[in-house]
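Throughout, residue positions are numbered sequentially from 1 according to the sequence presented. For the numbers below, each heavy atom of this structure counts, side chains included, while hydrogens, waters and symmetry mates do not. These numbers come from a predicted model, not from an experiment.
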Amino acid sequence: MNKYLEDLVKLSNFDTKISAFEPRIENENSKLSAFIDVAEEIKGNINTLYAEIDDIKSKTTKNNIHLGELKSKLEDIAKKHTAVKTDRELKALQLEEEISKEQITFANEEIIRFDILSTSKEEQLKEFQAKLSEEESSIAELKVLVDGNIESISKERNEVYEDRSKLLENFDNKILTFYQKIKRWATDAAVVPVRKQACYGCFMKINDKTYSEVIKSDDIVNCPHCGRILYKENESEEA
């Protein structure tokens with residue numbers, strides 16, 4: 001194979017590997033972010049429960065205050081009974097007393113209902129707190145693993161960058177410029193193999209003359225359809 005073509009294939013392979021590192025790192029981070037999203041959702045549920053429990057306690061307090069006021073009102077009504085002079089006054093006091101007792105019953109029922117609701121919310125809160133603790137423990141363990149994987153990927157990427165830099169030290173500038181022009185639009189598919197007499201960039205069949213030139217590998221050959229640089233893989237790679 002032509003030395004320039006061989007260098008182009010190597011450079012293209014390096015660039016393809018480099019492009020693949022970022023998705024690999026993103027994939028590792030996504031493993032962690034999935035757990036973090038679950039933990040954040042649980043935290044949101046916990047905050048909602050705290051707010052609901054506070055609201056229930058506030059309503060319970062208001063009902064207790066109202067209950068105290070109603071009991072005082074009943075005591076006042078009881079005192080007024082001794083001063084009643086007419087049936088009309090008596091009936092008015094009895095109606096007021098009946099309404100106050102109904103309000104006391106309702107307030108007591110509300111307090112009981114709020115107590116049951118508060119207990120239920122507290123139990124839910126404990127369950128979510130336990131889940132959050134499990135998630136945070138899993139996140140801590142996974143973070144160690146993810147950080148290790150990312151460090152390994154970064155090390156591998158640095159090695160590829162180093163190999164690429166060494167290759168470019170003796171690279172022909174005209175060939176490099178030519179490659180970079182194609183790479184602008186073809187990205188990592190600037191240099192592609194020919195398989196079954198087809199360009200593996202545009203997947204169009206090339207003519208016999210061009211295919212013959214690719215097989216010889218004496219010169220740099222471009223695909224007549226898309227302009228990518230073509231090369232023939234050895235038999236093991238093609239298989």
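More than 12 non-hydrogen atoms from other residues, nucleotides or ligands lie less than 6.0 angstrom from CD of Gln129. When the shell of 6.0 Å around CZ of Phe203 is examined, it contains more than 12 heavy atoms from other residues, nucleotides or ligands. Heavy-atom neighbours of Lys183 NZ from other residues, nucleotides or ligands within 6.0 Å: above the threshold of 12.
The pair Lys155-Glu151 does not meet the salt-bridge criterion, since no charged nitrogen lies less than 4.0 angstrom from a carboxylate oxygen. A salt bridge does not link Asp87 with Lys91: none of the charged nitrogens is closer than 4.0 Å to a carboxylate oxygen.
Distance check, rounded to the nearest 0.5 Å: SG of Cys202 to NE2 of His225 gives 6.0 Å. A distance of 10.5 Å separates CD in Glu52 from CG in Leu125, rounded to the nearest 0.5 Å. One finds the CG atom of Asn207 at 8.0 Å from the CD atom of Gln197 (value rounded to the nearest 0.5 Å). Put simply, OG on Ser212 and NZ on Lys216 are 4.5 Å apart, with the number rounded to the nearest 0.5 Å. Atom CG in Leu95 sits 11.5 Å away from atom CG in Leu90 (nearest 0.5 Å). To the nearest 0.5 Å, atom CG of residue Asn2 and atom OG of residue Ser217 are 8.0 Å apart.
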Which pairs would a plain distance check flag for residues 57-69, meaning a side-chain donor or acceptor within less than 3.5 Å of a matching protein atom at least two apart in sequence or in another chain?
unit_1 : atom_1 : unit_2 : atom_2 : d
Lys59  : NZ     : Asp55  : OD2    : 3.3
Thr60  : OG1    : Ile56  : O      : 2.8
Thr61  : OG1    : Lys57  : O      : 2.9
Asn63  : ND2    : Lys59  : O      : 2.9
Asn64  : ND2    : Thr60  : O      : 3.2

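Judged by distance alone, the side chain of Ser30 and the main-chain N or O of Asn27 form a donor-acceptor pair under 3.5 Å. A side-chain donor-acceptor contact under 3.5 Å links Ser165 to the backbone of Tyr161.
No hydrogens or angles considered: nothing links the side chains of Asn45 and Gln124 as a donor-acceptor pair under 3.5 Å. Between the side chains of Tyr179 and Asp15, at least one donor N or O lies within less than 3.5 Å of an accepting N or O. A donor atom on one side chain and an acceptor atom on the other are not found under 3.5 Å apart for Ser118 and Asp115.
Val192 and Ile215 end up in the same hydrophobic cluster when Ile, Leu, Val, Met, Phe, Trp and Tyr side chains are linked at under 4.5 Å. If you chain together hydrophobic residues whose side chains sit under 4.5 Å apart, Leu168 and Val160 fall into the same group. Criterion: ILVMFWY side-chain heavy atoms under 4.5 Å apart, direct or through other members. Under it, Ile139 and Ile25 are part of a common hydrophobic cluster. Residue Tyr231 is grouped with residue Leu176 when hydrophobic side chains (ILVMFWY) are merged at heavy-atom distances under 4.5 angstrom, including chains of intermediate members. When the side chains of ILVMFWY residues are joined at heavy-atom separations under 4.5 Å, either directly or via intervening members, Leu70 and Ile99 end up in two distinct hydrophobic clusters.
Considering only heavy atoms from C-beta on, Ser19 stays 4.5 Å or farther from Thr187 through its side chain. Within the 4.5 Å cutoff, no side-chain heavy atoms of Asp147 are placed close to those of Glu28. The shortest side-chain heavy-atom distance between Asp7 and Leu11 does not fall under the 4.5 Å cut-off. Taking 4.5 Å as the limit, some side-chain heavy atom of Ile229 sits within range of a side-chain heavy atom of Phe178. Side-chain contact between Ser154 and Phe21 is absent, with no heavy-atom pair separated by less than 4.5 Å. Under the 4.5 Å side-chain criterion, counting only non-hydrogen atoms from C-beta, Leu8 is in contact with Phe171. Looking at Val191 and Arg228, their side chains never come closer than 4.5 Å, going by heavy atoms from C-beta outward. Between Glu89 and Lys80 the shortest side-chain heavy-atom distance does not fall below 4.5 Å.
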Trace of the side-chain contact (heavy atoms from CB on, under 4.5 Å) decision for Glu96 with Lys73: CA-CA 9 Å; Glu96 191 176 356; Lys73 190 176 182 179; 3.2 Å; yes
Evaluation steps, side-chain contact (heavy atoms from CB on, under 4.5 Å), between Leu93 and His81: CA-CA 7 Å; Leu93 276 178; His81 272 287; 4.2 Å; yes
Derivation and outcome, salt bridge (Lys or Arg N to Asp or Glu O under 4.0 Å), residues Glu162 and Lys166: CA-CA 6 Å; Glu162 189 176 339; Lys166 288 179 181 177; 3.7 Å; yes
Residues Lys10, Glu6; criterion salt bridge (Lys or Arg N to Asp or Glu O under 4.0 Å); working and verdict: CA-CA 6 Å; Lys10 288 179 181 177; Glu6 187 177 346; 3.8 Å; yes
Ile46 vs Leu49, side-chain contact (heavy atoms from CB on, under 4.5 Å): CA-CA, chis, key distance, verdict: CA-CA 5 Å; Ile46 287 173; Leu49 282 170; 5.6 Å; no
Evaluation steps, side chain to side chain donor-acceptor pair (under 3.5 Å), between Thr105 and Asn108: CA-CA 5 Å; Thr105 300; Asn108 279 321; 5.9 Å; no
Chi angles and distances behind the salt bridge (Lys or Arg N to Asp or Glu O under 4.0 Å) call for Arg113, Glu110: CA-CA 5 Å; Arg113 186 174 72 85; Glu110 282 293 278; 3.0 Å; yes
Intermediate values then yes/no, salt bridge (Lys or Arg N to Asp or Glu O under 4.0 Å), Glu134 and Lys131: CA-CA 5 Å; Glu134 290 176 8; Lys131 285 181 181 179; over 6 Å; no
side-chain contact (heavy atoms from CB on, under 4.5 Å) between Arg157 and Glu22, intermediate numbers included: CA-CA 9 Å; Arg157 179 172 59 183; Glu22 199 59 39; 3.5 Å; yes
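Applying side chain to side chain contact (heavy atoms under 4.5 Å, CB included) to Val214 and the options Ile220, Asn222, Val194 leaves one that passes, Val194.
When every heavy atom of Asp163 is checked against every heavy atom of Phe14, the shortest pair comes out as CB-CZ, 3.6 Å. Here the shortest heavy-atom pairing between Asn29 and Ile150 reads OD1-CD1, 3.3 Å. Smallest separation of non-hydrogen atoms from Ile153 and Arg24: CG1-NH2, 3.6 Å. Of all heavy-atom pairs spanning Ile42 and Phe128, the tightest one is CG2-O, 3.3 Å. Across every non-hydrogen atom of Ile206 and Tyr211, the tightest pair is CD1-CA, 3.7 Å. In terms of heavy-atom proximity, Glu97 sits nearest to Leu74 at CG-CD2, 3.7 Å.
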